[in-house]
Amino acid sequence: MYEPDKTEARWQAFWAEQRTNEPDLDHAERPFFNLMMYPYPSGEGLHVGNLYAFTGADIFGRYQRLRGRDVFEPIGFDAFGIHSENYALQVGTHPMDQIPRNIANFERVLRRAGIMYDWSHTVDTTDPDYYRWTQWIFLQLFKAGLAEKKEAPVNWCPSCQTVLANEQVIAGRCERCDTPVEQRLLSQWFFRITQYVERLLANLDWIDWSETTKVAQRNWIGRSDGARLWFPLEQREIAGDSHDPEQARREAIEVFTTRPDTIYGATYMVLAPEHPLVERLASAEQQDEVNAYQRATAATDLVERRKTEKAKTGAFTGGYAVNPATGNRVPVWIADYVLMEYGTGAIMGVPAHDQRDFEFAREFGLDILPVVASKALIGADQDPAAFDLRVGEEAFVEHTEDEVLINSDRFSGLAAEEGGRAIVDWLGERGLGEPHVNYRLHDWCISRQRYWGPPIPVIYCSECGIQPVPESDLPVLLPHVEDFRPDAGGVAPLARAEDFYRVPCPDCGAEGRRETDVSDTFLDSAWYFMRYPSVGFDDRPFDAERTKRWLPVDMYIGGEEHAVLHLLYSRFITMVLHDLGHLTFEEPYKRFRKHGLLIKEGAKISKSRGNVILPDQYIERYGADAFRTYLMFLGPFQEGGDFRDVGIAGPERFLKRVWDSVIGAIEGGRTGFDDPDVERALHATIRQVTQDYESLEYNTAIAALMDYLNVVRAEGRTASVDEVRPLVVLLSPVAPHIAEELWARLDEEPSVFDQAEWPTYDEAKIHTDDVEIPVQVNGKLRATVRVERGASQDVVQEVALQEENVARHLEGVEVRKVVHVPDRLLNLVVG
RNA sequence: GCCGGGGUGGCGGAACGGCAGACGCAUCGGACUUAAAAUCCGAAGGGACGAAGGUCCCGUGUGGGUUCGAAUCCCACCCCCGGCACCA
């Protein structure tokens, strides 16, 4: 009798006692670092989505192990952060008490699920032995000039009462609580990730990652090629050759554009309402209107402001600038459709060729002047320099190969792209233009005005300014404070803990004050995988030898939701540590594969829907093996699938039958292969399962195993031990407990993961002597015939023609053509 | 709007130029049982004809195309999911 609860408990105890899953980190000869994204240990318990991801990753790890690799498969807990803090606030506990309970609960479930973790090398980001090195990493960036404190407009969540990184703002709302985000001008710590943007982009071309993830990163980085142009302010004359270009630029409005070719159509300019030049440009008579508009914008939250479909609003400043190409003076407006944080916070308005500018010009009666048109439209007989193009209800924005410039002086008639380059060159001679690449990506704001994170290791000295905490003083311990509530004014909770922040300057001893902000959780997770092999080394973040042996990560499996956050930050931190000489590699993950998303009965799983699945009850009822098998069977791992309770019955029955068949084989005592069909099925199954594990297609691997079992036990047949031994091995990555038990009962030495050889297949044994060939007439199936493998067309055709059904369809018509694919198909084309 | 991914039986999904629906769930029929559950055996995309073995037609979101042959490749469109979005 198959009793999963007993079997699973026995083998989990065996693994723990024998330290089966703890590779020798110093001497492993064929190291394989199998990594999965560590979870946030929530108070609600381990989510089935976590277990889905972990199981898929675990199968890959176990498979690599059976292929002879020394697999290191660690787990840790991403336990700092707003989520934990909010949960503690909600249930009225302290995170320092709550988190260890959550972690213990997670560990219990993960052990119960039979994941091959090395429990002697876990990471907890809230452990001072860990965050000490998170602080150390901050210091390395600080010393390298890659961490800077600057006053900047930042995203402020009024509900969480903290600053958010751009990546944490989803459609203008806080990713945590969905509250519309405000902009505030605050002094914050930033990591200069923008300095690495080209490398982050370039390496995407060669790292082995899911293509969709690479695309998401490219989009996020948002490289756009264009030019910077300077429109001199009107009260100054246009800077001529005799002027210093630097001077000219200081007295001008700088814009970024991807369409410098359209500058002759720039009939006005728009500044973001917060733009520093607004004050200077605003005329006395427009001052009130400008101020009113600025106030109105400031009062609007980002969600409202960034609505695309919203009608265009704005205010005229009363000031003018000069279009450096035409020499015409153009009015300068402010409008909220221009955003301070993208480009230069100012644009040239080209209403004929930009839909937004078009709408704005229409609203305020500004000139609309087309300067680009297709050759076909112009025709051969017209002069592009004076072409009269009428603009309809929309801007003319298509950007095609055959467009040429019109109404653009001497550039008229040039192809648009070429003309754009020529114009930028020409403006460049006067210092008023240059090619420029702009990025959507901003520097990474790591300051958080919250409690539950690693304190940023900096001291502000009244005498000597910003001082890093000496490395020897790390960690800066997060004190246990009772009132860890965030503050609406943006003051960090630690700023209320005088014992914490009052310290002498580490350099001069004068009165100093600690930084009271903590760092972003994403900094914790940007390097956690580097710590795993070096857990236990107290005097260094990562040991050189261990790191060399195990990193970079061989396989990383995780959710697509981290495509642009965690994965980008950890690449950045790895590059920095590489450049500073701490690492020998610059990309952290050799391979990354995303897993799909689980839904339940067609609906998204979420707390608010109340359809959250906790694995505990299922493991309790069906056993970990059956639950794992079901999770992996319900759909392609990389695409996700639909979880339905009733579906577990299939895998559950399958495992019972495996048990009965193997036990039956052992009791029967027969060896060898007496049935060529079974042997053939075995070899085909080994081939299929091997390919599927390799490519993470676990659902079809399991289907293949079910298929094979159906062959083995057909019509009350009793299997031989040689027929079932490979089945046990092939199944073991998915259902490790039952596999261990059956392996042992087959009189083999445990553990199957150390003792078994991965089964090999013989292509020749998969082939039969005969093949079944479908016979089509005009592409429609009319019969199947059995012929010898490799039979010639003549032979196949002869056999086919004897089929009554084929002959009938050939009656009275002429065979015009015969398509024969050897061993695959015969198609008779009649006319 | 832009960028990804996807639309196949009652359901989850296979197949990804060559016998559509593997494998499984649910369903139905049978065996076992006093009975039920469990287990085992079998049926099954839809339709038409046939007593039956069978035979034919229709079928992979819609419409076109390429091909001897298309779920699979190409073009256009519709719908769903995920991401980004007044990004200049």
Side-chain angles (χ1 to χ4, degrees), chain A residues 170-172 210-216 218-220 222 224 226 255-259 262 270 272 305-310 312 335-339 341-350 353-357 359-360 438-440 560-561 563-564 596-597 599 601-602 604 629-630 633-636 638-651 653-654 656-657 660 688 697 699-710 713 715-716 772-784 804-805 808-809 816-821 823-831:
Chain A
I170 310 297
S210 303
E211 202 50 42
T212 53
T213 313
K214 290 190 187 188
V215 169
R218 283 195 194 99
N219 290 347
W220 187 262
S224 48
V255 303
F256 171 75
T257 179
T258 53
R259 294 292 305 273
T262 63
V270 185
R305 181 167 170 186
R306 293 192 173 175
K307 267 190 190 160
T308 320
E309 66 274 16
K310 192 179 63 151
K312 292 287 175 289
D336 66 0
Y337 82 93
V338 174
L339 309 170
E341 62 284 3
Y342 186 77
T344 63
I347 62 154
M348 60 178 197
V350 186
H353 303 291
D354 182 285
Q355 187 59 28
R356 296 155 299 177
D357 295 348
E359 286 163 18
F360 189 78
N438 197 60
Y439 301 93
R440 218 184 73 99
E560 179 77 340
E561 69 274 18
V564 293
L597 221 63
I599 55 172
E601 278 153 34
K604 210 194 263 187
T629 309
Y630 175 61
F633 183 63
L634 56 71
Q638 294 187 74
E639 285 162 42
D642 195 355
F643 186 100
R644 282 165 200 263
D645 286 1
V646 288
I648 306 175
R653 283 200 272 258
F654 167 63
K656 271 185 201 156
R657 289 170 187 160
D660 290 344
Q688 176 79 39
E697 289 164 305
N699 59 329
T700 47
I702 293 165
L705 292 171
M706 289 173 168
D707 239 341
Y708 177 61
L709 186 70
N710 289 342
R713 61 190 284 279
E715 291 161 48
E772 245 189 22
I773 294 184
V775 179
Q776 302 178 337
V777 177
N778 274 358
K780 282 194 198 299
L781 180 73
R782 297 303 175 192
T784 57
E804 194 198 325
N805 207 31
R808 193 146 47 82
H809 284 274
R816 284 196 293 117
K817 186 176 175 183
V818 179
V819 180
H820 176 241
V821 184
D823 298 338
R824 296 284 283 177
L825 148 138
L826 183 78
N827 188 11
L828 303 164
V829 186
V830 299

Side-chain N or O of [X] versus OP1/OP2 of [N]: is the shortest distance under 4.0 Å?
{"X": "Asn219(A)", "N": "A85(B)", "answer": "no"}
{"X": "Lys604(A)", "N": "G82(B)", "answer": "yes"}
{"X": "Arg657(A)", "N": "U39(B)", "answer": "no"}
{"X": "Arg824(A)", "N": "C19(B)", "answer": "no"}
{"X": "Arg713(A)", "N": "C40(B)", "answer": "yes"}
{"X": "Lys780(A)", "N": "G18(B)", "answer": "no"}

Base, sugar-phosphate, or nothing: which does [X] touch, judged by heavy atoms less than 4.0 Å apart?
{"X": "Ile773(A)", "answer": "nothing"}
{"X": "Glu772(A)", "answer": "base"}
{"X": "Arg356(A)", "answer": "base"}
{"X": "Ile347(A)", "answer": "base"}
{"X": "Arg808(A)", "answer": "sugar-phosphate"}
{"X": "His809(A)", "answer": "sugar-phosphate"}
{"X": "Thr784(A)", "answer": "base"}
{"X": "Val775(A)", "answer": "nothing"}
{"X": "Phe633(A)", "answer": "base"}
{"X": "Asn710(A)", "answer": "sugar-phosphate"}

Counting only Watson-Crick or G-U wobble pairs whose two distances fall under 3.5 Å, which nucleotide matches [N]?
{"N": "A35(B)", "result": "none"}
{"N": "G10(B)", "result": "C25(B)"}
{"N": "A48(B)", "result": "U55(B)"}
{"N": "G1(B)", "result": "C84(B)"}

Rounded [atom1] spacing from [N] to [M] in Å:
{"N": "G10(B)", "M": "G59(B)", "atom1": "P", "result": "16 Å"}
{"N": "G9(B)", "M": "A15(B)", "atom1": "C1'", "result": "15 Å"}
{"N": "C40(B)", "M": "G45(B)", "atom1": "C1'", "result": "27 Å"}
{"N": "G61(B)", "M": "C57(B)", "atom1": "P", "result": "22 Å"}
{"N": "G4(B)", "M": "C58(B)", "atom1": "P", "result": "37 Å"}
{"N": "G65(B)", "M": "G17(B)", "atom1": "C1'", "result": "16 Å"}

Between atom [atom1] in [X] and atom [atom2] in [N], what is the gap in whole Å?
{"X": "Glu561(A)", "N": "G5(B)", "atom1": "CD", "atom2": "C1'", "value": "15 Å"}
{"X": "Leu825(A)", "N": "C19(B)", "atom1": "CG", "atom2": "C1'", "value": "9 Å"}
{"X": "Leu781(A)", "N": "G69(B)", "atom1": "CG", "atom2": "P", "value": "16 Å"}
{"X": "Asp707(A)", "N": "C23(B)", "atom1": "CG", "atom2": "P", "value": "5 Å"}
{"X": "Phe360(A)", "N": "C87(B)", "atom1": "CZ", "atom2": "C1'", "value": "17 Å"}
{"X": "Asp642(A)", "N": "A26(B)", "atom1": "CG", "atom2": "P", "value": "15 Å"}
{"X": "Arg653(A)", "N": "A26(B)", "atom1": "CZ", "atom2": "C1'", "value": "10 Å"}
{"X": "His820(A)", "N": "G17(B)", "atom1": "NE2", "atom2": "P", "value": "21 Å"}

Exercise. Under 3.5 Å, is there a donor-acceptor pair between the side chain of Asn778(A) and the main chain of Val830(A)?
Worked result: yes
Exercise. Counting only N and O atoms by type, is there a donor-acceptor contact under 3.5 Å from the side chain of Asp642(A) to the main-chain atoms of Glu601(A)?
Worked result: yes
Problem set entry | Conformer about C1'-N of G9(B) - syn within 90° of 0, anti elsewhere | syn
When you measure from the side chain of [X], which nucleotide among [options] comes out closest?
{"X": "Thr212(A)", "options": "G24(B), C19(B), G4(B)", "answer": "G4(B)"}
{"X": "Arg782(A)", "options": "C41(B), A22(B), C56(B)", "answer": "C56(B)"}
{"X": "Leu339(A)", "options": "A22(B), A88(B), G18(B)", "answer": "A88(B)"}
{"X": "Arg644(A)", "options": "U39(B), A88(B), C11(B)", "answer": "C11(B)"}
{"X": "Tyr342(A)", "options": "C84(B), A88(B), C25(B)", "answer": "A88(B)"}
{"X": "Lys312(A)", "options": "C23(B), A15(B), C86(B)", "answer": "C86(B)"}

Quick check: do [X] and [Y] have side-chain heavy atoms less than 4.5 Å from each other?
{"X": "Tyr337(A)", "Y": "Ile347(A)", "result": "yes"}
{"X": "Arg653(A)", "Y": "Lys656(A)", "result": "no"}
{"X": "Arg644(A)", "Y": "Tyr630(A)", "result": "yes"}
{"X": "Ile599(A)", "Y": "Phe643(A)", "result": "no"}
{"X": "Phe633(A)", "Y": "Met706(A)", "result": "yes"}

Exercise. Closer to the 5' end of RNA chain B via nearest nucleotide, is it Asn805(A) or Val819(A)?
Worked result: Asn805(A)
Exercise. Hey, which of these two, Asn699(A) or Val829(A), hits RNA chain B nearer its 5' end, going by closest nucleotide?
Worked result: Asn699(A)
Exercise. How far does NZ of Lys312(A) sit from CZ of Arg356(A), to the nearest 0.5 angstrom?
Worked result: 8.0 Å
Problem set entry | Residues Leu826(A), Val818(A); criterion side chain to side chain contact (heavy atoms under 4.5 Å, CB included); working and verdict | CA-CA 7 Å; Leu826(A) 183 78; Val818(A) 179; 3.6 Å; yes
